[in-house]
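Below, chain A is the first sequence line, B the second, and so on; all start at residue 1. As the structure is a prediction and not an experimental result, all values here were calculated from the model.
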Number of protein chains: 2
Amino acid sequence: MELRHLRYFIAVAEEGNLTVAAEKRLFVAQPSLSRQIRGLEQELGTDLLIRGARGVELTAAGRVFLDHARIALLQVEAAAEAARHAARRKPRSSSDF
Amino acid sequence: MELRHLRYFIAVAEEGNLTVAAEKRLFVAQPSLSRQIRGLEQELGTDLLIRGARGVELTAAGRVFLDHARIALLQVEAAAEAARHAARRKPRSSSDF
DNA sequence: GTCGTTTACGGGGATCGTAATAATA
DNA sequence: TATTATTACGATCCCCGTAAACGAC
């Protein structure tokens, strides 16, 4: 699993639709997005979406995964921001200055 | 940034050494690991490691990033486990049964 | 001089985009 | 029938491994 899977799934879950999530939020083609989601479901061993003609709906597992995925993604962004912030205070190491 | 970067960095930080982290924990070649770490530092805009002949040492930013990266990775694993657990309770959707 | 990291180069796998197909309401 | 997701296929990009070079103690 990679962060791409989380980003893709969150976008699909929020849009409730693979097509619009692909072109209006992720800027990738629908086939790519569809396969990434399939791969994620396969790795988890469970379906996350219920596909329909009017879009997609989350399964129970999908709803649970969505909540956790959002937190995980925010945590990653927090990690990057924290590192940048620390770097501004002490550009190299604690033994400088 | 991808989860691979977090996994690689954590292994290097814990081993204090690129070579041993590569072959004893990540099972990849050192050059691959070195480039991934470089790419991560470049994306963050700051150094995470101080390279030396006896291995590597963490910068201040590296220490901060390590703490957050560990949490993020655990959160991702928790997301997967939560989804699998939810799937065992309700295999498809809430409207089943 | 030895240990460890970095660059050079070629190969392989995964992702991607376009186009065609299937499925559902 | 119209909208959406999926499969087929070819191309591209990124990561990886081996080998050589660089740097620090």
Side-chain angles (χ1 to χ4, degrees), chain A residues 1-44 46-59 61-62 65-66 69 73 76 92-93 95-96, chain B residues 1-59 61-62 65-66 69 73 76 80 92-93 95-96:
Chain A
M1 196 189 324
E2 289 294 342
L3 288 179
R4 177 184 54 257
H5 295 112
L6 303 187
R7 293 192 253 260
Y8 284 13
F9 174 70
I10 290 171
V12 170
E14 291 180 349
E15 297 294 339
N17 184 303
L18 270 170
T19 306
V20 27
E23 65 187 15
K24 296 212 169 181
R25 291 205 23 193
L26 301 170
F27 305 104
V28 297
Q30 296 92 341
S32 288
L33 180 55
S34 179
R35 251 176 314 178
Q36 291 297 321
I37 299 293
R38 283 292 191 198
L40 175 60
E41 290 176 319
Q42 193 164 354
E43 179 173 353
L44 291 175
T46 177
D47 287 0
L48 299 174
L49 302 176
I50 302 170
R51 277 85 170 166
R54 286 254 168 283
V56 297
E57 179 188 352
L58 293 178
T59 63
F65 188 74
L66 176 61
L73 211 50
V76 171
R92 303 232 160 177
S93 81
S95 57
D96 291 352
Chain B
M1 195 188 322
E2 290 294 342
L3 288 180
R4 177 184 54 257
H5 295 112
L6 302 186
R7 293 191 253 259
Y8 283 15
F9 174 70
I10 290 171
V12 170
E14 291 180 349
E15 296 294 339
N17 185 302
L18 270 170
T19 304
V20 26
E23 64 187 17
K24 296 212 168 180
R25 292 210 19 199
L26 301 170
F27 305 103
V28 297
Q30 297 91 340
S32 287
L33 179 54
S34 178
R35 253 177 312 174
Q36 292 297 323
I37 299 294
R38 282 295 190 195
L40 176 59
E41 290 175 318
Q42 193 163 355
E43 179 174 351
L44 293 175
T46 178
D47 286 0
L48 299 174
L49 302 176
I50 303 170
R51 278 84 170 167
R54 287 253 167 281
V56 298
E57 179 188 351
L58 293 179
T59 62
F65 188 74
L66 175 61
L73 211 49
V76 170
R92 303 229 162 187
S93 80
S95 58
D96 290 351

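The shortest side-chain heavy-atom distance between A:Ile37 and A:Arg51 falls under the 4.5 Å cut-off.
Each of A:Arg4 and B:Gly16 has a nearest nucleotide on DNA chain C; the 5'-most of these lies closest to B:Gly16.
Along DNA chain C, read 5' to 3', the first and last nucleotides having any atom under 4.0 Å from a heavy atom of chain B are C:dG4 to C:dC9.
As a whole-Å value, the separation of A:Glu57 CD from D:dA5 C1' is 16 Å. The interatomic distance linking A:Arg38 (CZ) with D:dT4 (P) rounds to 17 Å, in whole Å. Taking atom CG of B:Asn17 as the reference point, atom P of D:dC25 lies 15 Å away to the nearest angstrom. A:Glu2 places its CD atom 16 Å from the C1' atom of D:dC13, with the value rounded to the nearest Å. What separates CZ of A:Arg54 from C1' of D:dT3 is a distance of 7 Å, to the nearest Å. Rounding to whole angstrom units, CD of residue A:Glu15 and P of D:dT4 are separated by 13 Å. Atom CE in B:Met1 sits about 13 Å away from atom P in D:dC15, given to the nearest Å.
Axis angle across the helix from C:dG1-D:dC25 to C:dA25-D:dT1, with five pairs used at each end and values rounded to 10°: 40°.
Checking side-chain atoms of A:Glu41 against main-chain N and O of A:Leu49 turns up a donor-acceptor pair under 3.5 Å. Remark: the backbone N or O of B:Met1 is paired with a side-chain donor or acceptor of B:Glu43 at under 3.5 angstrom.
Minimum interatomic distance between A:Thr19 and A:Asn17 (heavy atoms only, all atoms of both residues): N-OD1, 2.8 Å. Considering every non-hydrogen atom in both A:Ala61 and A:Thr46, the closest pair reads CB-OG1, 3.9 Å. The minimum heavy-atom distance linking B:Ile50 with B:Leu58 is given by the pair CD1-O, 4.5 Å.
Atoms CD and CG, on A:Glu23 and A:Leu33 in that order, are 11.0 Å from each other to the nearest 0.5 Å. Rounding to the nearest 0.5 Å places CD of A:Gln42 at 10.5 Å from CG of A:Leu44. Here the straight-line distance linking atom CG of A:Leu66 with atom CZ of A:Phe9 works out to 5.5 Å at 0.5 Å rounding.
The phosphate of D:dT7 has neither OP1 nor OP2 within less than 4.0 Å of any side-chain N or O from A:Arg35.
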Go through the steps to decide whether B:Arg7 and A:Glu2 satisfy the test salt bridge (charged side-chain N to carboxylate O under 4.0 Å, His left out), and finish with yes or no. CA-CA 11 Å; B:Arg7 293 191 253 259; A:Glu2 289 294 342; 3.6 Å; yes
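A salt bridge between A:Glu15 and A:Lys24 is absent, with no side-chain N of the basic residue lying under 4.0 Å from a carboxylate O of the acidic one.
Taken residue by residue, residues 19-34 of chain A places heavy atoms nearer than 4.0 Å to DNA chain C at A:Phe27, A:Val28, A:Ala29, A:Pro31, A:Ser32.
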